[in-house]
Number of protein chains: 2
Amino acid sequence: MYQRKTPEDLECGITIAMKVFGAKWKPCLLDAIQRGFRRPSEMHREIKGATPRVLDMQLRELETSGIVEKCQSAGFPLYTEYTLTDLGRTIMPIIDRINEWGLQYKELIAEGSPQSISL
Amino acid sequence: MYQRKTPEDLECGITIAMKVFGAKWKPCLLDAIQRGFRRPSEMHREIKGATPRVLDMQLRELETSGIVEKCQSAGFPLYTEYTLTDLGRTIMPIIDRINEWGLQYKELIAEGSPQSISL
DNA sequence: CTCAATACCGAATAATTTTTCGGTTACCGA
DNA sequence: TCGGTAACCGAAAAATTATTCGGTATTGAG
């Protein structure tokens, strides 16, 4: 298992929050769950650009952090559903605002942004 | 200059927002500016754990994105100040909530979080 | 002229995260 | 038994991001 080498400031709220839901696809996963895509296969289809593998991994981390909960029912075909926990629901207003901010200001940002070279 | 290789979904608000202020030290920098640490040397002292180099780089990116503004006055010693732009101020409520969330739930997260192995 | 302070930048390297690829298991239907 | 769907996992490789190290420039004091 991977061992982190650089220390982290776990007193810093930003650092903690970013660890929990700041990974590349975590906010998208949480948003997808909120919009009703609860099954892994649905999320795989919904979130273009992410490989199923990374979604599985980040979903598992969200579960381990107590943000989402897995409900699996035996049967065919396999049926697994992820839902937000109470803790997970406390994050959603933040994700929503991040999303709104991005949509609201995207034109303003696009020109001149150093990271937008790849457009 | 670095050329991105994996495509990005620039219609997704989350992706856009994360590009603008989601880098490792950007929220900390913005928070520091808000708390009154406006000079690079102050931020270097304030934000432990980050190297001056990365703070300089991320500050420059924030400037290029139009989130902060640089005011430099000739004189001795060199005096540079970064302040939030109007656009930058629209981000602060989000950063504040991220920070609050992290502080509020840190104990809840700590146990069992996959990323907290390095504690 | 040399030194210290402030604000930077470039390039190589290291650290971290994401992707790619190829599995596994369980089950049903033909 | 073979093929197909769903949900996963491990390991290596690639991509991305951050760090380290060693510079530059300006200015004023000694």
Side-chain angles (χ1 to χ4, degrees), chain A residues 1-9 15 18-29 37-64 68-82 114-118, chain B residues 1-9 15 18-29 37-64 68-82 114-118:
Chain A
M1 192 182 268
Y2 180 72
Q3 268 307 114
R4 186 169 220 68
K5 289 177 185 161
T6 56
E8 284 174 305
D9 179 5
T15 305
M18 284 298 161
K19 269 167 83 87
V20 174
F21 59 88
K24 185 164 180 181
W25 302 104
K26 285 180 185 175
C28 297
L29 281 167
F37 300 94
R38 307 231 168 83
R39 301 183 65 185
S41 52
E42 290 172 342
M43 300 188 218
H44 294 167
R45 279 188 289 266
E46 177 63 13
I47 304 177
K48 317 278 203 189
T51 59
R53 182 69 175 115
V54 77
L55 296 178
D56 290 348
M57 287 191 300
Q58 303 201 348
L59 213 36
R60 167 167 290 288
E61 289 184 357
L62 288 169
E63 191 197 357
T64 312
V68 302
E69 220 163 18
K70 176 159 80 169
C71 303
Q72 205 163 31
S73 56
F76 180 77
L78 276 180
Y79 197 91
T80 305
E81 248 188 16
Y82 287 88
Q115 304 102 322
S116 64
I117 283 157
S118 61
Chain B
M1 195 183 265
Y2 181 72
Q3 268 307 114
R4 188 170 220 52
K5 288 179 189 160
T6 56
E8 284 174 303
D9 179 5
T15 305
M18 283 299 162
K19 270 167 82 85
V20 175
F21 60 86
K24 186 163 178 182
W25 303 104
K26 285 179 185 176
C28 297
L29 280 167
F37 300 95
R38 307 228 170 85
R39 302 183 64 185
S41 52
E42 289 172 345
M43 300 188 217
H44 295 167
R45 279 188 290 265
E46 178 62 13
I47 304 177
K48 316 278 203 189
T51 59
R53 182 71 175 113
V54 79
L55 296 179
D56 291 347
M57 287 189 303
Q58 303 203 347
L59 214 36
R60 166 167 291 287
E61 289 185 358
L62 288 170
E63 191 197 356
T64 311
V68 301
E69 219 164 19
K70 175 158 81 167
C71 303
Q72 204 162 32
S73 55
F76 182 79
L78 276 179
Y79 198 90
T80 304
E81 248 188 18
Y82 288 88
Q115 304 103 321
S116 64
I117 282 156
S118 61

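Sequence lines set the chain letters: A, B, ... in the order given, protein chains first and strands last, and positions in each chain run from 1. Small disclaimer: the values here were computed from a predicted structure and weren't measured.
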Q: Can you tell me the distance, in whole Å, between the CZ atom of B:R4 and the P atom of C:dT17?
A: 15 Å
Q: Identify whether any heavy atom of A:E42 sits under 4.0 Å from a base atom; if not, whether one sits that close to sugar-phosphate; answer base, sugar-phosphate or nothing.
A: nothing
Q) Looking only at side-chain N and O atoms, does B:T6 come under 4.0 Å of OP1 or OP2 in D:dT16? A) yes
(Q) What is the distance, to the nearest angstrom, from the NZ atom on B:K5 to the P atom on D:dT17? (A) 12 Å
**Q.** base_contact_polar (C:dG22 base, A:R53 side chain, donor-acceptor, <3.5 Å)
**A.** no
Q | N or O in side chain of B:K24 less than 4.0 angstrom from C:dT16 OP1/OP2 | A | no
Q | Minimum-distance nucleotide to A:L78 side chain [options: C:dT18, D:dA7, D:dA18] | A | D:dA7
Q) Given that B:H44 and A:A23 both sit by DNA chain C, which one's nearest nucleotide is further toward the 5' end? A) B:H44
**Q.** Minimum heavy-atom distance B:Q58-B:K26, with the two atoms named
**A.** OE1-N, 3.2 Å
Q) Could you state the CD-C1' distance from B:Q72 to C:dC9, rounded to the nearest angstrom? A) 14 Å
Q) Do NZ/NE/NH1/NH2 and the carboxylate oxygens of B:R4 and B:E8 come within less than 4.0 Å? A) yes
Q.
Check the phosphate of D:dC8 against A:Y82, side-chain N and O only, distance under 4.0 Å to OP1 or OP2. Yes or no?
A. yes
Q: Report the distance from atom CD of B:E81 to atom C1' of C:dC8, rounded to the nearest whole Å.
A: 17 Å
(Q) Rounding to an integer number of Å, can you tell me how far B:M57 CE sits from C:dA7 P? (A) 17 Å
**Q.** From C:dT16, C:dC9, D:dC8, nucleotide with atom closest to A:D56 side chain
**A.** D:dC8
Q) Where do A:T6 and B:K24 come nearest, in terms of heavy atoms and distance? A) OG1-NZ, 4.2 Å
(Q) Salt bridge check, A:E81 against A:K70: does any charged N sit closer than 4.0 Å to a carboxylate O? (A) no
Q. Hey, does A:T80 reach any base, or is it just sugar-phosphate, or nothing, if we go heavy atoms under 4.0 Å?
A. sugar-phosphate
Q: Determine: side-chain N/O of A:Y2 to OP1/OP2 of C:dT16, distance under 4.0 Å, yes or no.
A: yes
Q.
Would you say B:R39 places a side-chain N or O within less than 4.0 Å of OP1 or OP2 belonging to C:dT6?
A. no
**Q.** Below 4.0 Å: OP1/OP2 of D:dA7 and any side-chain N or O of A:S41
**A.** yes
Q | Spacing between B:L55 atom CG and D:dT17 atom C1', to the nearest angstrom | A | 14 Å
Q: Using whole Å, report how far CG of B:L59 lies from C1' of C:dC9.
A: 14 Å
Q) Quick one: which of A:I47, A:L59, A:T51 gives a side chain to side chain contact (heavy atoms under 4.5 Å, CB included) with A:W25? A) A:I47
Q: Tell me what B:Q58 touches on the nucleic acid: a base, only sugar-phosphate, or nothing, going by heavy atoms under 4.0 Å.
A: sugar-phosphate
Q: Grab the NZ-C1' distance between B:K19 and C:dT17 for me, whole Å please.
A: 16 Å
